[in-house]
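Below is one structure, written out as structure tokens; comments come after it.
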Amino acid sequence: INAVDFMSSGTCFGTGSDDSTCRLFDLRSYHQLAQFENGGIMCGITSVSFSASGRLLFAGYDDFNAHAWDILGKHDKSAYHIQKHQNRVSCLGVNSNGHALCTGSWDTQLLVWA
């Protein structure tokens with residue numbers, strides 16, 4: 001596991017791993033609720049962050065991309081795909097009001113998605 005982030009409610013958290021999966025866990029039930037993966041993604045995850053609402057789990061990947069997984073949607077297809085960096089996405093974060101996502105990369109760029 002390379003990254004962990006809690007939902008704003010504090011009851012669930014998401015992880016990102018080198019096996020290219022994001023997982024959603026519930027602290028109340030002590031169980032994994034979902035696993036998000038796409039067979040076409042064959043690289044590790046460097047960072048994860050939830051949207052302000054908790055509906056989307058953003059993940060940064062070693063293959064220069066970021067994906068947003070809808071936790072209520074399909075677990076094998078990301079809801080959004082961000083492909084603008086020229087090197088691995090090393091970090092990402094969502095601002096407190098949920099209006100912007102920042103992605104940082106080994107390409108030395110910080111991109112803001114609003």
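Excluded from the calculations below are hydrogen atoms, water molecules and symmetry mates; all remaining heavy atoms, backbone and side chain alike, are included. Note that the structure is a prediction, hence the values are computed from the model and not measured. Sequence positions, counted from 1, serve as the residue numbers for this chain.
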[X] vs [Y] side-chain heavy atoms within contact, under 4.5 Å:
X: Phe36; Y: Leu24; result: yes
X: Tyr80; Y: Leu101; result: no
X: Asp19; Y: Ile45; result: no

With sequence neighbours excluded, tell me which residues meet side chain to side chain donor-acceptor pair (under 3.5 Å) with [X].
X: His99; value: Asn97
X: Trp106; value: none
X: Gln109; value: none

Which pairs with one or both residues in residues 48-67 pass ring pair (Phe, Tyr, Trp, His ring centres under 6.0 Å), sequence neighbours excluded?
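Only Tyr61-His67, His67-His81 qualify under ring pair (Phe, Tyr, Trp, His ring centres under 6.0 Å).
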Residues forming a salt bridge (Lys or Arg N to Asp or Glu O under 4.0 Å) with Asp26, sequence neighbours excluded
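Applying salt bridge (Lys or Arg N to Asp or Glu O under 4.0 Å) to Asp26 gives Arg28.
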Please evaluate residues Leu111 and Trp113 with respect to the criterion side-chain contact (heavy atoms from CB on, under 4.5 Å), reporting the C-alpha separation (whole Å), side-chain torsions for both, the decisive distance (0.1 Å), and the verdict.
CA-CA 7 Å; Leu111 301 178; Trp113 310 89; 3.7 Å; yes
Suppose we screen for side chain to side chain contact (heavy atoms under 4.5 Å, CB included). Which residues come up paired with [X], at least two apart in sequence or across chains?
X: Thr108; value: none
X: Ala100; value: Asn95, Val112, Ala114
X: Asn2; value: Asp18
X: Leu110; value: Cys102

What is the minimum heavy-atom distance between [X] and [Y], and which atoms define it?
X: His85; Y: Ser105; result: ND1-CB, 3.0 Å
X: Gly14; Y: Val48; result: O-CG2, 3.8 Å
X: Leu56; Y: Ala79; result: CD2-CB, 4.4 Å

Gap separating the OG1 atom of Thr15 from the CD atom of Gln35, nearest 0.5 angstrom:
9.0 Å
If you look only at pairs with a residue in residues 86-107, which of them pass as a salt bridge (Lys or Arg N to Asp or Glu O under 4.0 Å), with sequence neighbours excluded?
Asp62-Arg88
Pairs meeting criterion salt bridge (Lys or Arg N to Asp or Glu O under 4.0 Å) with involvement of residues 40-56, two or more places apart:
Arg55-Asp70
For the CD1 atom on Ile1, are there more than 12 heavy atoms of other groups (residues, nucleotides or ligands in this structure) within a distance under 6.0 Å?
no
Please identify each residue that fulfils ring-ring contact (aromatic ring centres under 6.0 Å, His included) with Phe6, with sequence neighbours left out.
Phe13
For Val89, does its backbone N or O pair with a side-chain atom of Thr46 as donor and acceptor, under 3.5 Å?
yes
